[in-house]
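Okay, structure first, notes after.
Computed from a predicted structure; not experimentally measured.
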Amino acid sequence: MAQKPSIPKGTRDFSPVEVAKRDYIFTTIKSVFQTFGFQSIETPSFENSETLMGKYGEEGDRLIFKILNSGDYLSKADENLLASKDSQKLTSVISEKALRYDLTVPFARYVVQHQNEIEFPFKRYQIQPVWRADRPQKGRFREFYQCDADVVGSDSLWQEVDFVQLYDTVFTKLGLNGVTVKMNNRKILSGIAEIIDASDKLIDFTVALDKLDKIGKEGVTKEMLEKGISEEAIEKVAPLFDFTGTNQEKLNQLANMLASSVEGTKGVEELRFIIDTIETIGLQSANLTLDVTLARGLNYYTGAIFEVAAPEGVKMGSIGGGGRYDDLTGIFGLKDMSGVGISFGLDRIYLVLEELGLFEEVAQPRPDILFINFGNEEALYATKAIAKLRAEGIKSELYPSDAKMKKQMMYANKRNIPFVVLVGSKEIEEGTYTLKNMSTGEQLVYKLNELLQVVINS
RNA sequence: GUGGUUGUAGUUCAGUUGGUUAGAACGCCUGAUUGUGGUUCAGGAGGUCGCCGGUUCGAAUCCGGUCUUCCACCCCA
């Protein structure tokens, strides 16, 4: 026997049923994006390496899939470089393209490249696969879909408010109630780092703080000490480790703590506006909470930070995230273009919906009606009816060969086709169709227009 | 990238201290039934035990490597 075929690590095949369920999520998200006024764009699955490299930090660069140059790519490489076996330097010589790592950076590139055709503020959504050379894990794949919505060209906080509502609307529509939209603000984190005199260690500080719910107070303290943050400084921020209360209480505490920091105070004000507004408007099913420990790795965020957690009791990493970036397009040469965006992790949302059994309503991908094939003459007669049914939007098909009846019936049964039509010489003579209901076994004879009505009404 | 884990029929899994021809259930194919599916009955096909190498008289079983699965860390959706 031939060697068993396989697919690469971290990739998946999707069966018809799985595709139907994924489509349901895509369609839901898409329709909400559209009702919020976003338009769809698409970008290539691979970009020039320089567009992507260095945008996601050192860790990110490692996880970008590089594409080998075509042709005899090694012949152009320098002898010494080849001998040095320096993978990093060699990569830049033999690979000039790389697979898309997320949708945000290609979007920034798009905005800069098409700035003269775009009407700002530009609201776009994008649903496409991305690739990361990560080690697969639960809810973690090497190829997965992101569903992004971003607005560039407006620094209004109303955009943030809009995005919180967008999250709420999508998850409510999906029947996934009780998700938590966590919010923070990069300026608050900067402010905290400032008052403890550790601005130079902002990233280390936030990364450590981000792990609070995972490794606890002591773990965070230990990691901060290891990163060279002084004990004195850690003591100052200690209140954050036991940060509880309502959003308003947290805001007030933060305002006090950050009173001496201009930037920190600004962050608190921004967050207060968003939280106050959302509290006034109200949400359908999601909760909005202020989470000072929320950091997110991407360092291009400058204002609001979002992350969406699955409802309590579901073990899953974040199912969405985003934030504001004041200078994302700056790296491509377009200054002063503030943007804010969010992302849905389709594959994880799928897993959560599956776990909670929320997929029941998704229609099975199957025809409504199968015509049994008794031979060419009968098939021709059936085909006329099939054309009529299809014109009415009824999914109909003829069994492709005049195989044994049992086999044809079995096919209908296996595919869960609700109706089967039998046409033999008797039916042709009378101009009728025998319709069999597969679930009840009931069998009735109809004229064509009666058949249409019966099937439409079922 | 670090540590652990997994792999036997299409699928889910058994397989004893290393010992005849590697099993079960479900699924698949054929027939009982040439115009009737699900149920039943009878029969049948299907395996390089992930792959490569080693130890041994003998390996699904022990050892090494490699790939894969899942998990934790790192990081992230």
[atom1] gap between [N] and [M], integer Å:
{"N": "B/G65", "M": "B/U2", "atom1": "P", "value": "14 Å"}
{"N": "B/A45", "M": "B/G27", "atom1": "C1'", "value": "13 Å"}
{"N": "B/A24", "M": "B/U68", "atom1": "P", "value": "33 Å"}
{"N": "B/U12", "M": "B/G64", "atom1": "P", "value": "28 Å"}

_Could you check whether the side chain of A/R140 and the base of B/C71 have a donor-acceptor pair of N or O atoms closer than 3.5 Å, going by distance alone?_
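Side chain to base: no pair present.
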
Give one of base, sugar-phosphate or nothing for [X], where a contact means two heavy atoms less than 4.0 Å apart.
{"X": "A/K414", "result": "sugar-phosphate"}
{"X": "A/Q137", "result": "base"}
{"X": "A/F141", "result": "base"}
{"X": "A/G375", "result": "nothing"}
{"X": "A/I319", "result": "sugar-phosphate"}
{"X": "A/S439", "result": "base"}
{"X": "A/E427", "result": "base"}
{"X": "A/G441", "result": "base"}

Could you tell me the separation between the [atom1] atom of [X] and the [atom2] atom of [N], rounded to a whole number of Å?
{"X": "A/E223", "N": "B/C74", "atom1": "CD", "atom2": "P", "result": "7 Å"}
{"X": "A/R135", "N": "B/C73", "atom1": "CZ", "atom2": "P", "result": "14 Å"}
{"X": "A/F374", "N": "B/G35", "atom1": "CZ", "atom2": "P", "result": "7 Å"}
{"X": "A/Y399", "N": "B/G35", "atom1": "OH", "atom2": "C1'", "result": "16 Å"}
{"X": "A/K138", "N": "B/C75", "atom1": "NZ", "atom2": "P", "result": "21 Å"}
{"X": "A/D150", "N": "B/A77", "atom1": "CG", "atom2": "P", "result": "13 Å"}
{"X": "A/N413", "N": "B/G27", "atom1": "CG", "atom2": "P", "result": "12 Å"}
{"X": "A/L422", "N": "B/U34", "atom1": "CG", "atom2": "P", "result": "16 Å"}

Checking contacts here: which listed nucleotide ([options]) is nearest the side-chain heavy atoms of [X]?
{"X": "A/E59", "options": "B/G37, B/C74, B/U36", "result": "B/C74"}
{"X": "A/K9", "options": "B/U33, B/U68, B/C75", "result": "B/U68"}
{"X": "A/F144", "options": "B/U33, B/A77, B/C75", "result": "B/A77"}
{"X": "A/K406", "options": "B/G35, B/U33, B/A77", "result": "B/U33"}
{"X": "A/R348", "options": "B/G35, B/A77, B/C75", "result": "B/A77"}
{"X": "A/L63", "options": "B/C76, B/C75, B/C70", "result": "B/C75"}

*Examine B/U36: is either OP1 or OP2 under 4.0 Å from a nitrogen or oxygen in the side chain of A/Q408? Give yes or no.*
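For B/U36, OP1/OP2 do not have a side-chain N/O of A/Q408 under 4.0 Å.
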
_Does B/U36 have its OP1 or OP2 closer than 4.0 Å to a side-chain nitrogen or oxygen of A/K407?_
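For B/U36, OP1/OP2 do not have a side-chain N/O of A/K407 under 4.0 Å.
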
Determine whether more than 12 heavy atoms belonging to other residues, nucleotides or ligands lie under 6.0 Å from atom [atom1] of [X].
{"X": "A/E430", "atom1": "CD", "result": "yes"}
{"X": "A/K217", "atom1": "NZ", "result": "no"}
{"X": "A/N376", "atom1": "CG", "result": "no"}

*Between A/Y381 and A/Y433, how do the two ring planes meet: parallel, tilted or perpendicular, split at 30° and 60°?*
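Answer is parallel, since the angle falls under 30°.
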
*May I ask you to decide if the ring planes of A/Y399 and A/Y411 are parallel, tilted or perpendicular, using 30° and 60° as cut-offs?*
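Ring orientation of A/Y399 relative to A/Y411: perpendicular.
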
*Based on Watson-Crick and G-U pairs with both distances under 3.5 Å, what dot-bracket line describes RNA chain B 5' to 3', crossing pairs as [ ] and inter-strand pairs as |?*
((((..(..((((.....[...)))).(((((.......))))).....(((((..]....))))))..))))....

*Taking for each residue the nucleotide of RNA chain B bearing the nearest heavy atom, is the 5' side occupied by A/P8 or by A/G139?*
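Between the two, 5'-proximity favours A/P8.
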
*Mapping A/S343 and A/V423 to their closest nucleotides on RNA chain B, which lands nearer the 5' end?*
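Looking at the nearest nucleotide for each, A/V423 comes out on the 5' side.
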
*Pick from A/K97, A/R109, A/R100: which one makes a salt bridge (Lys or Arg N to Asp or Glu O under 4.0 Å) with A/E47?*
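Testing each of A/K97, A/R109, A/R100 against A/E47, the sole residue satisfying salt bridge (Lys or Arg N to Asp or Glu O under 4.0 Å) is A/R109.
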
_Ion pair A/R12/A/E18, N-O distance below 4.0 Å_ =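 Salt bridge flag = no for A/E18 with A/R12.
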
*Taking only Lys NZ, Arg NE, NH1 and NH2, and the carboxylate oxygens of Asp or Glu, determine whether A/R22 and A/D347 approach each other closer than 4.0 Å.*
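A salt bridge links A/R22 with A/D347.
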
_Less than 3.5 Å apart, any donor N or O on the side chain of A/D326 or A/T302 sitting next to an acceptor on the other?_
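Per modelled atom types, A/D326 and A/T302 side chains form a pair under 3.5 Å.
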
